[in-house]
There are 2 protein chains.
Amino acid sequence: MTTDSQADPEPTSMRERILDVALDLFIANGYDGTSLREIAEKLGVTKAALYYHFASKEDILMALHMRLHAVGRSALAQLADGKVTVSQWRTLLDAVLEEMLSQRKIFLLHERNQAVFEKLHREDHVAEHEDIQDRFRKILSDPAVPLRDRVRMAASVGAVFGTLFMFRDAFGKEDDDRVGRFMRSSLDDILGLRVAAPTKR
Amino acid sequence: MTTDSQADPEPTSMRERILDVALDLFIANGYDGTSLREIAEKLGVTKAALYYHFASKEDILMALHMRLHAVGRSALAQLADGKVTVSQWRTLLDAVLEEMLSQRKIFLLHERNQAVFEKLHREDHVAEHEDIQDRFRKILSDPAVPLRDRVRMAASVGAVFGTLFMFRDAFGKEDDDRVGRFMRSSLDDILGLRVAAPTKR
DNA sequence: GTCTATATTTCGATAGAC
DNA sequence: GTCTATCGAAATATAGAC
């Protein structure tokens, strides 16, 4: 659990090095658009070497998929069963935000290969665990929570994705801090948590 | 231009029938995860028959991609060059919203096959035209517009995607109208257009 | 653990009859 | 316009030496 940070300074094991390279290529060219030969070449080894570490190409994808399952686990665990309020949602989102940024590549991987992952999830009976998107979906489906709140919760997640993933390169990288602040501020507005302070024009 | 509605009641040409089937399969299993054999089988013909209507598999994808280019064209054309205000953005978004819903499958296709389309866009010198995402990105990159506004514009697009695509199945289909209203309301809040008379509150 | 083959499978694409 | 039959390419995966 100590070697899977986003940018391994010097990946310990060959297994981790393979995952790092595969992650980059799967993001850039897609899972199906990436061959094992490419991965091997970038590592300076041959295709066959990869099979010592992974049983199949799908196994590599699965290993990367597992990293997503860790995201938000503790934050979600603190959530008691039952109705979720917008206030709780805001807290949850804030906690998950940090993890999303530190695992940005993993989210990019999933965002850009959605169809592949859904097929994987459908065919492999493995992956009993729910990932963060499943958990979110389940919470937002709870009819006990007012529809208005659920819509705004969904919108808030979308807002995060819009600013941090879909259009992130529209903002200068040096503005990261300000972007983060502006985004959190808009989350408050979406969820109606703004404390009646007069908006400045 | 008369036959490409979202759900053709009875697709006129074989060409359209192929596109309809391919669209569904590309959404469900991904472009690379779908073989021409599958498409042909679902249509009750053979692979070879497809090649009478399309020169290649990529051509089928391209034809579907073109449908995206039509979305938001008129709305975007009305936008004068130069700085875009949040108010203009809100108007734009509202106009595009209708089209997004009527072309929902096309957006799903792109959302779920991002890596494939990027590769297509990179390799094919075709597609000189910009699609709606390119246009959005360009507007949001304009440094002449205050960063705060750009972040909120990006967040608003994300909010739309969150409610209408990412988590749409979390809401009952019978609540479509209410979801739409709640979402538009939250867009006003994100963009700070809630006219909150300055005297009150 | 990594290599050099090579096996196996699948798919996109083409040729030519009807 | 659709068929049968087949080609060629590329990718995953395996066998066995080192």
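Every value quoted in this text rests on a predicted model; they were computed, and no experiment measured them. A note on names: the letters A, B, ... follow the listed sequences, proteins ahead of strands, and every chain is numbered from 1.
- With rounding to whole Å, K57(B) atom NZ is found 4 Å from dG12(C) atom P.
- When the P atom of dT4(C) is taken as reference, atom CZ of R37(A) falls 15 Å away, rounded to whole Å.
- Interatomic distance, Q133(A) CD to H110(A) NE2, rounded to the nearest 0.5 Å: 9.0 Å.
- Whole-Å rounding puts the L36(A) CG to dA7(C) P distance at 20 Å.
- The aromatic rings of F26(B) and Y31(B) sit perpendicular, their planes meeting at an angle over 60°, well past the 30° parallel limit.
- Positionally, the nearest nucleotide of DNA chain C for A49(A) lies more toward the 5' end than for the other of A49(A) and S56(B).
- Using a 4.0 Å heavy-atom cutoff across all strands shown, S35(A) reaches sugar-phosphate atoms only and no base atom.
- Here the P atom of nucleotide dA13(C) and the CD1 atom of I39(B) are 11 Å apart, to the nearest Å.
- Taking each heavy atom of S156(A) and L187(A) in turn, the nearest pair found is O-CD2, 3.5 Å.
- A salt bridge between R90(A) and D188(A) is present, with a side-chain N of the basic residue lying under 4.0 Å from a carboxylate O of the acidic one.
- Atom P of nucleotide dC11(C) and atom CG of D32(A) are separated by 11 Å, given to the nearest angstrom.
- The nearest whole Å value for the distance from the OH atom in Y51(A) to the C1' atom in dA5(C) is 15 Å.
- A donor-acceptor pair under 3.5 Å is absent between the side-chain atoms of R112(A) and the main chain of A115(B), judged by distance alone.
- Judged purely by atom type and a 3.5 angstrom limit, R122(A) uses its side chain to pair as donor or acceptor with the backbone of A28(B).
- Protein chain B touches strand DNA chain D; the 5'-most and 3'-most nucleotides with an atom under 4.0 angstrom of its non-hydrogen atoms are dG1(D) to dT4(D).
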